[in-house]
Amino acid sequence: MSTEANKPIRIFRLRGVKAAVFENKTGANTFHKLTLQKIYREEERWKTTQSLGRDDLPVACLLLQRAWEFILETESNHQQNEKEPQR
């Protein structure tokens, strides 16, 4: 398995919250998954957690909405490309 498959195809960031969209292919099927993380600094080191605070929730909702829209657009583009005849 290559490391290229583990890289997100899109990352959305806002106010210390990060949503990363991954594309996975199995045979002819393509599906998408998402990770959601809080990024924070502890002393001199950057860290991440999956725990969100109260004030992170509206930000997470916004990023999840943007990620969902991106996934729908990406899937729509894939379907259109499959329908177009090859030249």
Subject >> Of Val17, Leu57, Leu14, the residue whose pairing with Leu62 passes side-chain contact (heavy atoms from CB on, under 4.5 Å) >> reply: Leu14
Subject >> Residues that Ser76 engages under side chain to side chain contact (heavy atoms under 4.5 Å, CB included), provided they are two or more places apart >> reply: Gln80
Original post:
By side chain to side chain contact (heavy atoms under 4.5 Å, CB included), which residues pair with Ala20, not counting sequence neighbours?
Top reply: Pro8, Ile11, Phe22, Thr35
Original post:
Between Leu36 and Ala19, what is the shortest heavy-atom contact and its length?
Top reply: CD1-CB, 4.0 Å
Original post:
Closest heavy-atom contact between Val21 and Phe12?
Top reply: CG2-CE1, 4.1 Å
Does [X] have any side-chain hydrogen bond (donor to acceptor under 3.5 Å, both in side chains) partners at least two apart in sequence or in another chain, and if so, which?
X     : answer
Glu42 : Lys47
Lys33 : none
Lys18 : none

Once rounded to the nearest 0.5 Å, what's the spacing between atom [atom1] of [X] and atom [atom2] of [Y]?
X     : Y     : atom1 : atom2 : answer
Asn24 : Ile9  : CG    : CD1   : 9.0 Å
Asp56 : Lys38 : CG    : NZ    : 3.5 Å
Gln37 : Arg13 : CD    : CZ    : 10.0 Å
Leu72 : Asn77 : CG    : CG    : 11.0 Å

Subject >> Test log, rule side chain to side chain contact (heavy atoms under 4.5 Å, CB included), inputs Leu34 and Leu64 >> reply: CA-CA 9 Å; Leu34 179 130; Leu64 290 170; 3.4 Å; yes
Original post:
Is the charged tip of Arg10 near the ring of Phe70: under 6.0 Å from the six-membered ring centre and within 45° of its axis?
Top reply: yes
Subject >> Student check: side-chain heavy atoms of Arg15 and Asp55 closer than 4.5 Å >> reply: no
Subject >> Check: Leu52 and Val59 side chains under 4.5 Å, non-hydrogen atoms >> reply: no
Original post:
Can you name the salt bridge (charged side-chain N to carboxylate O under 4.0 Å, His left out) partners of Glu69, sequence neighbours left out?
Top reply: none
**OP:** May I ask you to check whether over 12 heavy atoms, not counting those of Arg45, lie within 6.0 Å of atom CZ?
**Re:** no
